[in-house]
Amino acid sequence: MASSTMLSTGRSSPAAFMRNPQKLGPAAGRRGRDFFLNGKNFGRVRMAVAVNVSRFEGVSMAPPDPILGVSEAFTADTSDVKLNLGVGAYRTEELQPYVLNVVKKAENLMLERGENKEYLPIEGLAAFNKVTAELLFGADSPVIQEGRVATVQSLSGTGSLRLAAAFIQRYFPDAKVLISSPSWGNHKNIFNDARVPWAEYRYYDPRTVGLDFEGMLEDIEAAQDGSFILLHGCAHNPTGIDPTPEQWAKIADLIEQKNHIPFFDVAYQGFASGSLDEDASSVRTFASRGLELFVAQSYSKNLGLYSERIGAINVVSSSPDAAARVKSQLKRIARPMYSNPPVHGARIVANVVGDPNLFNEWKQEMELMAGRIKNVRQRLFDNLSEKDNNVKDWSFILKQIGMFSYTGLNKAQSDNMTDKWHVYMTKDGRISLAGLSLAKCEYLAEAIIDSFYKVS
């Protein structure tokens with residue numbers, strides 16, 4: 001254990017200290033006399049001896065976050081041509097952050113009403129929980145009508161996943177979570193910190209830059225019965241590769257057969273295709289079969305509420321009684337974790353989704369955002385095909401969906417993108433098309449072609 005010794009004379013003058021050095025012992029007196037004779041301190045005197053050992057010497061420096069660290073490196077770069085395609089945040093064609101008009105209108109409503117900042121209940125804002133479950137499952141869904149959904153507002157998608165992970169660790173201690181390979185980098189961190197064991201199932205096929213559907217089914221079938229299968233509801237992160245509706249049905253068949261528990265992460269509803277219903281179709285396919293399931297939601301992307309940390313965890317149970325008990329235990333876990341969620345973002349969502357006019361305006365804005373990304377995706381494909389003289393088939397770019405594209409570049413090639421071309425991206429070859437403009441597509445295509453052919 002570290003230790004320190006502090007010698008203090010309080011308000012004593014240097015002269016008084018010199019007259020009575022024995023008060024602090026002979027050694028201290030000699031050190032004090034030398035200290036003053038060297039003319040290094042006057043007036044009030046405090047001396048520290050052996051104070052340089054910290055109790056935190058055993059704490060190592062953590063590595064930079066693989067995603068957020070990209071933005072830090074981008075900021076430090078002084079190049080005029082630099083591009084930040086790392087973090088998944090929507091940008092305008094001018095590559096500026098965008099606040100949705102409906103968000104501004106919802107915030108104005110809050111000001112007009114003079115709403116207070118009192119604590120929310122542990123489960124969050126009731127109006128938010130109602131509209132968010134209906135948005136996900138459909139207001140006329142049997143799981144809603146029968147009261148079989150436990151919805152708890154949480155700290156965006158990450159916090160919702162973490163709350164569910166703690167629930168799994170407590171009530172399913174022998175279960176394992178299967179995570180797609182690859183997946184969002186934070187998924188493994190979340191389950192590691194909750195002490196929930198996990199394994200991976202095959203998802204990405206590097207030969208086709210597409211879905212390894214057969215491998216996915218084989219791994220889900222091989223998993224121990226009753227495992228949790230983590231699925232991306234739409235716009236798979238990082239690949240942008242989604243199963244077709246027919247493939248989703250086969251995945252549901254297998255999960256039902258194996259008595260697995262589906263666990264959806266829905267971070268892009270409405271933002272991927274531009275349609276809220278289409279992007280929720282995978283979740284609704286499973287819910288319509290009467291399966292019990294988990295769904296983590298986030299409003300960071302589709303409403304641009306990145307910093308508001310607004311989301312929810314939904315648990316569909318087989319009965320209203322089971323849903324009530326699940327909700328009570330989710331609240332019990334949340335209480336010592338963060339006590340209760342923030343209100344500002346919840347009121348924005350409740351205002352937008354709960355008001356027919358704002359809701360329709362929101363859908364139009366989402367269509368515009370999704371449309372811009374689709375246009376950028378098409379332009380990038382056109383530029384790649386042109387510069388490559390159609391040697392390589394780049395059509396996988398168009399088959400992917402959402403804000404991300406998996407380029408198929410390896411770590412060395414991704415490093416070349418950054419070191420030579422000042423294009424900042426994650427080292428797995430993922431780029432965020434939301435951070436790309438039509439004007440920059442040609443430059444990015446040149447960088448990709450160079451990195452793909454000149455770096456092994």
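Treat the numbers as computed from the prediction; the structure is a model and nothing was measured.
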Electrostatic pair Asp212:Arg207 at N-O distance under 4.0 angstrom: no
With a 4.0 Å cut-off on N to O distance, would you call Asp253 and Arg289 a salt bridge? yes
Taking only residues two or more places apart in sequence, or in another chain, which ones meet Phe74 in a ring-ring contact (aromatic ring centres under 6.0 Å, His included)?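 For Phe74, the residues satisfying ring-ring contact (aromatic ring centres under 6.0 Å, His included) (neighbours in sequence not counted) are Tyr424.
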List the residues meeting ring-ring contact (aromatic ring centres under 6.0 Å, His included) with His422, not counting sequence neighbours, and say none if there are none. none
Contacts of [X] that satisfy side chain to side chain contact (heavy atoms under 4.5 Å, CB included) - sequence neighbours left out:
{"X": "Thr244", "value": "Glu246, Gln247"}
{"X": "Arg113", "value": "Leu109, Glu115, Asn351"}
{"X": "Leu155", "value": "Tyr338, Pro342"}
{"X": "Asp219", "value": "Tyr201, Arg202"}

Heavy-atom distance under 4.5 Å between the side chains of [X] and [Y], does that happen here?
{"X": "Phe263", "Y": "Leu293", "answer": "no"}
{"X": "Val376", "Y": "Cys441", "answer": "yes"}
{"X": "Ile348", "Y": "Leu305", "answer": "yes"}
{"X": "Phe128", "Y": "Val353", "answer": "no"}

Derivation and outcome, side-chain contact (heavy atoms from CB on, under 4.5 Å), residues Leu276 and Phe359: CA-CA 11 Å; Leu276 288 163; Phe359 184 64; 3.7 Å; yes
Test side chain to side chain donor-acceptor pair (under 3.5 Å) on Trp198 and Asn192; report intermediate values, then the result. CA-CA 8 Å; Trp198 55 268; Asn192 280 337; 2.8 Å; yes
Kindly state whether the ring of Phe228 and the ring of His260 have centres lying under 6.0 angstrom apart. no
Strictly under 6.0 Å, is that where the ring centroids of Phe264 and Phe286 end up?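 Close enough - the centres of the two rings lie under 6.0 Å apart.
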What's the verdict on salt bridge (charged side-chain N to carboxylate O under 4.0 Å, His left out) for Glu107 and Arg347, showing C-alpha distance, side-chain angles and the deciding distance? CA-CA 8 Å; Glu107 288 181 318; Arg347 283 183 176 148; over 6 Å; no
Atom pair [atom1]/[atom2] of [X] and [Y] - distance to nearest 0.5 Å:
{"X": "Asn186", "Y": "Thr158", "atom1": "CG", "atom2": "OG1", "result": "5.0 Å"}
{"X": "Leu231", "Y": "Leu178", "atom1": "CG", "atom2": "CG", "result": "9.5 Å"}
{"X": "Glu256", "Y": "Leu291", "atom1": "CD", "atom2": "CG", "result": "5.0 Å"}
{"X": "Ile229", "Y": "Phe294", "atom1": "CD1", "atom2": "CZ", "result": "13.0 Å"}
{"X": "Leu330", "Y": "Asn314", "atom1": "CG", "atom2": "CG", "result": "10.0 Å"}
{"X": "Leu384", "Y": "Glu446", "atom1": "CG", "atom2": "CD", "result": "10.5 Å"}

Of all residues at least two apart in sequence or in a different chain, which pass the salt bridge (Lys or Arg N to Asp or Glu O under 4.0 Å) check with [X]?
{"X": "Asp415", "answer": "Lys411, Lys427"}
{"X": "Lys327", "answer": "none"}
{"X": "Glu361", "answer": "Lys105"}
{"X": "Asp225", "answer": "Lys258"}

Check whether more than 12 heavy atoms from other residues, nucleotides or ligands sit under 6.0 Å from atom [atom1] of [X], and answer yes or no.
{"X": "Arg170", "atom1": "CZ", "result": "yes"}
{"X": "Lys82", "atom1": "NZ", "result": "yes"}
{"X": "Asn116", "atom1": "CG", "result": "yes"}
{"X": "Lys420", "atom1": "NZ", "result": "yes"}

Decide whether [X] and [Y] meet the rule of one side-chain donor and one side-chain acceptor closer than 3.5 Å.
{"X": "Ser156", "Y": "Tyr306", "value": "no"}
{"X": "Ser319", "Y": "Asp321", "value": "no"}
{"X": "Trp248", "Y": "Asp242", "value": "no"}
{"X": "Asn416", "Y": "Asp419", "value": "no"}
{"X": "Ser328", "Y": "Arg332", "value": "no"}
{"X": "Tyr406", "Y": "Gln400", "value": "no"}
{"X": "Ser183", "Y": "Asn237", "value": "no"}

Would Ile313 and Val295 satisfy side-chain contact (heavy atoms from CB on, under 4.5 Å), going step by step from the backbone distance to the final call? CA-CA 6 Å; Ile313 181 66; Val295 188; 5.9 Å; no
Does [X] reach the main-chain N or O of [Y] with its side chain, forming a donor-acceptor pair under 3.5 Å?
{"X": "Ser154", "Y": "Gly159", "answer": "yes"}
{"X": "Asp265", "Y": "His232", "answer": "no"}
{"X": "Arg148", "Y": "Ser317", "answer": "yes"}

Minimum heavy-atom separation for Leu438 and Asn375, please, with both atom names.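 Scanning both residues, the minimum pair turns out to be CD2-O, 3.7 Å.
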Pairs where residues 364-383 contributes a residue and the test salt bridge (charged side-chain N to carboxylate O under 4.0 Å, His left out) is met, not counting sequence neighbours: Glu93-Arg372
Once salt bridge (charged side-chain N to carboxylate O under 4.0 Å, His left out) is applied, what residue pairs with a partner in residues 299-319 remain, sequence neighbours excluded? none
Side chain to side chain donor-acceptor pair (under 3.5 Å) assessment of Ser71 paired with Asn84: CA-CA 7 Å; Ser71 291; Asn84 185 2; 3.3 Å; yes
Please walk me through it: do Phe191 and Ile179 pass side-chain contact (heavy atoms from CB on, under 4.5 Å)? CA-CA 10 Å; Phe191 291 105; Ile179 301 172; 4.0 Å; yes
Set out, in order, the CA-CA distance, both residues' side-chain angles and the distance that settles side chain to side chain donor-acceptor pair (under 3.5 Å) for Ser298 and Tyr268, then state yes or no. CA-CA 7 Å; Ser298 167; Tyr268 308 100; over 6 Å; no
Do the rings of Trp184 and His187 sit parallel, tilted or perpendicular, given the 30° and 60° boundaries? perpendicular
Would Arg430 and Phe404 count as a cation-pi pair here, with the cationic atom under 6.0 angstrom from the ring centre and within 45° of the axis?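 Checked: cation-pi criterion met.
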